[in-house]
Amino acid sequence: MKKLFTLAAALLCLASCAIGAEDEQGTAQYDSQLLQPGAEAPDFTITDAAHPGGLSLSSLRGKYVVLEFWASWCPDCRRATPAMVAMHEEYAPLGVEFIGISFDTDSAAWQRYIAASGMRWTHYSELKKWKQGTTLDGPYRVNWIPTIYLINPEGKIAAASVSTEKISQALAALKPTLLAAAGGTANAAEGRP
């Protein structure tokens, strides 16, 4: 019986490792199709009830911007939500802007998910199906969601991935720069005088 249990545990471990390798391979494949670091981030303007005058990406020059393409109906996006919320809580006080571009078509369901998940940043949706008339998935090469971009203050891609972990790592590498730029705000956020 002990040998059977050991064999089952070993097979489970091998299966987990294989799935992990497949996930990493899939992530690398999708990441390679995205706009790469150094490329100009395509400009866009959000015009909705919350931004009647419009909010353009170019108006955020001088700041780092995290741009997430997602949908509330997407299982991978839902799994990524806690990491996105954590990144927002850590880096928004340091001046990083967050924008969510959703492929939801049901406005009420989309808004409920945002509120229930504590996603307290700018959100926008054309309320059209992904790849069926949406204007931003093409220029940003969105072939999987979530797709997340980190855009630098010059409007260029700093990092791009379908993995929140990779974007979190890129932000962590920038943290000393962000802290220095935030000055007194960062000290207050960390409880220092």
Side-chain angles (χ1 to χ4, degrees), residues 27 30-31 34-72 74 76-102 110-111 113-125 136 139-142 144-193:
T27 297
Y30 284 112
D31 286 359
L34 299 174
L35 295 172
Q36 296 302 301
E40 189 77 25
D43 197 16
F44 59 86
T45 301
I46 294 171
T47 51
D48 59 12
H51 306 93
L55 172 68
S56 67
L57 180 61
S58 58
S59 72
L60 298 174
R61 289 273 168 95
K63 296 183 174 192
Y64 281 94
V65 177
V66 173
L67 180 62
E68 180 194 24
F69 293 89
W70 72 288
S72 67
C74 161
D76 288 340
C77 302
R78 286 175 168 268
R79 281 190 290 277
T81 296
M84 290 299 298
V85 170
M87 278 190 275
H88 179 261
E89 288 175 358
E90 184 170 358
Y91 294 103
L94 300 179
V96 178
E97 294 287 333
F98 284 71
I99 300 175
I101 306 292
S102 173
W110 172 55
Q111 293 295 333
Y113 184 81
I114 290 169
S117 301
M119 301 167 77
R120 295 180 181 90
W121 54 88
T122 300
H123 289 277
Y124 177 71
S125 179
L136 292 174
Y140 278 92
R141 301 180 185 172
V142 179
W144 189 263
I145 53 176
T147 288
I148 311 154
Y149 283 95
L150 175 61
I151 301 167
N152 73 19
E154 292 76 42
K156 297 192 183 296
I157 306 299
S161 186
V162 297
S163 164
T164 54
E165 185 178 329
K166 288 186 177 186
I167 300 302
S168 182
Q169 289 170 354
L171 284 167
L174 292 170
K175 193 166 186 177
T177 302
L178 296 169
L179 284 167
T185 307
N187 290 338
E190 293 181 358
R192 293 183 283 162

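Predicted model, so just to flag it, every value in this text is computed and none were measured.
With rounding to the nearest 0.5 Å, the separation of CD1 in Ile99 from NE2 in His123 is 10.5 Å. Rounded to the nearest 0.5 angstrom, Met119 CE and Tyr113 OH are separated by 6.0 Å. Atoms CG and CD1, from Leu57 and Ile151 in turn, are 4.5 Å apart once rounded to the nearest 0.5 Å. The CG atom of Leu179 lies 5.0 Å from the CG atom of Leu94; values are rounded to the nearest 0.5 Å. One distance of note links CZ of Arg141 with OG1 of Thr147; it measures 12.0 Å at 0.5 Å rounding. Within the model, atoms CD1 of Ile167 and CG of Leu150 stand 6.0 Å from one another, a figure rounded to the nearest 0.5 Å.
For CH2 of Trp144, the number of neighbouring non-hydrogen atoms (other residues, nucleotides, ligands) closer than 6.0 Å is 12 at most. More than 12 heavy atoms of other shown residues, nucleotides or ligands fall within 6.0 angstrom of atom CZ in Arg61.
Contact of the Leu178 side chain with the Tyr91 side chain is registered, since non-hydrogen atoms from C-beta on lie closer than 4.5 Å. With contacts defined as side-chain heavy-atom distances shorter than 4.5 Å, the pair Trp70/Met84 does not qualify. Looking only at side-chain heavy atoms (C-beta outward), Ser102 and Ile114 stay at 4.5 Å or farther from each other.
In plain terms, the two heavy atoms of Phe98 and Ala92 that are nearest each other are CE1-N, 4.1 Å. Between Pro146 and Cys77, the shortest heavy-atom distance links the atoms N-SG, 3.5 Å. What you find for Pro42 and Leu35 is that their closest heavy atoms are CD-CD1, 3.6 Å. Thr45 and Ser56 get closest at one heavy-atom pair: OG1-CB, 3.5 Å. Considering all non-hydrogen atoms of both residues, Gln36 and Asp31 come closest at NE2-O, 3.0 Å. Smallest separation of non-hydrogen atoms from Gly54 and Thr47: CA-CG2, 3.8 Å.
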Evaluate the criterion side-chain contact (heavy atoms from CB on, under 4.5 Å) for residue pair Val142 and Leu136; output intermediate values, then yes/no. CA-CA 8 Å; Val142 179; Leu136 292 174; over 6 Å; no
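Under the 3.5 Å distance criterion, the side-chain polar atoms of Asn152 are left unmatched by any main-chain donor or acceptor of Ala158.
The ring pair (Phe, Tyr, Trp, His ring centres under 6.0 Å) check on Tyr64 picks up nothing, with sequence neighbours excluded. Under the side-chain contact (heavy atoms from CB on, under 4.5 Å) criterion, Glu165 pairs with Ser163, Gln169, sequence neighbours left out. Applying the side-chain hydrogen bond (donor to acceptor under 3.5 Å, both in side chains) test to His88 and every residue at least two apart in sequence or in another chain returns nothing.
Ring planes of Phe69 and Tyr140: tilted class, angle from 30 to 60°.
Considering Ile148, Leu171, Thr27 in turn, Thr27 is the only one that fulfils the side chain to side chain contact (heavy atoms under 4.5 Å, CB included) rule with Lys166.
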